[in-house]
Number of protein chains: 2
Amino acid sequence: MTNQMPSRADRPLRADARRNRQRVLEAARDAFVEDGTDAQMEDIARRAGVGVGTIYRHFPTKQALIDTLADQWLADSAAIAAEALELPDAWEALSAYVRRSAEDMMRNRGLRQVYGGLGRLFEKGTGGRNSELVTNVRRLIDRCHQAGVLRADVGFAEFRALMYGLAMATSNADTLGAQQLYADVILKGLRP
Amino acid sequence: MTNQMPSRADRPLRADARRNRQRVLEAARDAFVEDGTDAQMEDIARRAGVGVGTIYRHFPTKQALIDTLADQWLADSAAIAAEALELPDAWEALSAYVRRSAEDMMRNRGLRQVYGGLGRLFEKGTGGRNSELVTNVRRLIDRCHQAGVLRADVGFAEFRALMYGLAMATSNADTLGAQQLYADVILKGLRP
DNA sequence: TGACAAGGTGAAGCCGGATTCCGTATTGTC
DNA sequence: GACAATACGGAATCCGGCTTCACCTTGTCA
């Protein structure tokens, strides 16, 4: 009952396996971006040029595949926030994040679902999936509060909800212009 | 090939049938409000105190049941808009509609889904489901435009998308306060 | 190059939910 | 009260996804 179990622990993946894993990931990304998380495993396999069984060799379950991509997306979002934080002006920084983030979500149906599903589990302690995103966004908000350029009654939770709303509004916007418009409306509404 | 077919055309429903139809409708409403349109037929039947078969006697398909309720909800929404139109001030009228509508959507998961699914099919000509809602809301918007109290670049389509976004933002808001806050943000953003 | 374990395949199994079906119960009419 | 027409119930069926499995293929290493 000790810790042995040297089985197939961390032996490096075989070359073809690594390649396939990557293909699956890419195919899944495309499928989820287009069709949301209810894209079908069969479809993903087809896009990857692989049998369904192969997907299951790498991911025990569809949910695991979704989670893997979700983590990646949230990390991307965290990076966007980090980038925005480098802007000197607090309001500019927040605006930049909002705009870029909205753009991402407009394109990515899967991300919207993930974001929506996260719900308030997100803010629960620091445990939430990708806490880096949370801390970065918190920082963006705090800076604005200190500069007095953001409604005081909008905290992290409220901001998150509004971002989700923005994403959804944006989701069935056809033109790029509309997308911009919605972001503008929200941003204007956020001023004190 | 004429028009006969006098079969069971419009003979009034038997008493018990009418009663059950009503119960099903109420149960379905509750279920959809709570769980959205993927509430299960079995669950609806249970709530109605009826067998699944009975549901199918009255509605050929789950979708038909959803549609029936959707129409009703949209009609309700049209009524809210009509009521708002009675207010003398254009902006007050629009605000009132936004607030009451958001409140409805916050409670009604099914309605949110319907509203989201409607997508742009809504504005397509006058054909959309419940055109009364469309005309009333158009009127609310036009009045605001004439009074110059609403961004000129927000037309019906844009307004609709923003309402949907508001509903979604609101959907995982816990407090009533948050719900109000989101509406405020949007409304403020809508000013010219 | 041969052996063999890691990896791939996709048809079959499984499961959850909508829909059907038919024997039974209720209503309305004479 | 009895008959015919309507309705009801809910187990059986159908269907569309995810997941598994028994059997091939390929990469790796001596």
Side-chain angles (χ1 to χ4, degrees), chain A residues 5-32 34-70 109-110 113-114 117, chain B residues 5-32 34-70 109-110 113-114 117:
Chain A
M5 177 109 70
S7 51
R8 49 72 184 296
D10 30 28
R11 191 186 338 291
L13 284 176
R14 233 170 65 174
D16 57 343
R18 183 160 44 262
R19 186 172 353 108
N20 277 333
R21 184 190 157 89
Q22 193 51 30
R23 278 190 190 163
V24 166
L25 234 22
E26 280 162 18
R29 173 170 47 65
D30 292 352
F32 290 147
E34 259 178 58
D35 305 333
T37 51
D38 37 59
Q40 294 166 217
M41 294 304 264
E42 187 110 17
D43 178 42
I44 295 175
R46 203 175 316 111
R47 288 177 190 245
V50 128
V52 267
T54 301
I55 300 183
Y56 282 93
R57 177 166 302 280
H58 293 290
F59 303 92
T61 196
K62 182 181 182 180
Q63 189 57 48
L65 181 54
I66 294 175
D67 287 349
T68 302
L69 283 165
R109 186 161 166 202
Q113 288 173 311
V114 168
Chain B
M5 179 109 70
S7 50
R8 49 70 184 296
D10 31 28
R11 191 187 337 292
L13 285 175
R14 232 169 66 173
D16 57 344
R18 183 162 43 262
R19 186 176 348 112
N20 277 333
R21 184 190 156 90
Q22 192 51 30
R23 277 188 189 164
V24 166
L25 233 22
E26 280 162 17
R29 173 169 48 65
D30 291 352
F32 290 148
E34 257 177 61
D35 305 333
T37 51
D38 37 59
Q40 294 166 218
M41 294 303 264
E42 186 109 17
D43 178 41
I44 294 174
R46 203 174 314 112
R47 288 177 190 246
V50 129
V52 268
T54 300
I55 300 183
Y56 283 93
R57 174 164 306 277
H58 294 290
F59 303 91
T61 196
K62 182 182 181 179
Q63 189 58 47
L65 182 54
I66 293 174
D67 288 349
T68 303
L69 283 165
R109 187 163 165 199
Q113 287 172 312
V114 168

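Every chain is numbered from 1 and lettered A, B, ... according to where its sequence line falls, protein lines coming before strand lines.
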May I have the distance from [X] (atom [atom1]) to [N] (atom [atom2]), rounded to whole angstrom?
X	N	atom1	atom2	value
B:Arg18	C:dT27	CZ	P	12 Å
B:Asp43	C:dA18	CG	P	10 Å
A:Leu13	D:dG27	CG	C1'	13 Å
A:His58	C:dG7	NE2	C1'	8 Å
A:Asp35	D:dG17	CG	P	12 Å
A:Arg57	C:dG7	CZ	P	7 Å
B:Arg21	D:dT6	CZ	P	17 Å
B:Arg46	D:dG10	CZ	P	12 Å

Would you say D:dC8 has OP1 or OP2 under 4.0 Å from some side-chain N or O of B:Asn20?
-> yes
Examine D:dC18: is either OP1 or OP2 under 4.0 Å from a nitrogen or oxygen in the side chain of A:Thr61? Give yes or no.
-> no
OG1 (A:Thr54) and CG (A:Asn20) are apart, to the nearest 0.5 Å, by 6.0 Å
Can you tell me how far CZ of B:Arg109 sits from CG of B:Asp38, rounded to the nearest 0.5 angstrom?
-> 5.5 Å
What do the steps show when you test B:Asp43 against B:Arg46 for salt bridge (charged side-chain N to carboxylate O under 4.0 Å, His left out), and what is the final call?
-> CA-CA 5 Å; B:Asp43 178 41; B:Arg46 203 174 314 112; 3.4 Å; yes
Give the nucleotide from the list [options] with an atom nearest to the side chain of [X].
X	options	result
B:Thr54	D:dC18, D:dG9, D:dA7	D:dG9
A:Met41	D:dC18, C:dT26, C:dG8	D:dC18
B:Ala17	D:dC8, D:dT19, D:dT26	D:dC8
B:Asp16	D:dT20, C:dT19, D:dA7	D:dA7
A:Ala15	D:dT28, D:dT20, D:dC8	D:dT28

Remember a base hit wins even if backbone is also touched, and classify B:Ala48 as base, sugar-phosphate or nothing at under 4.0 Å, heavy atoms.
-> nothing
Sugar-phosphate, base or nothing in reach of B:Asp38, heavy atoms under 4.0 Å = nothing
Between the side-chain atoms of B:Arg14 and the base atoms of D:dA7, is any donor-acceptor pair under 3.5 Å?
-> no
Using atom types as modelled and distance alone, determine if a side-chain donor or acceptor of A:Lys62 lies under 3.5 Å from a backbone N or O of A:Gln40.
-> no
Got more than 12 heavy atoms from elsewhere within 6.0 Å of CD, B:Glu42?
-> no
When the nearest nucleotide of DNA chain C is assigned to A:Val52 and to B:Arg19 on a heavy-atom basis, which residue is associated with the more 5' position?
-> A:Val52
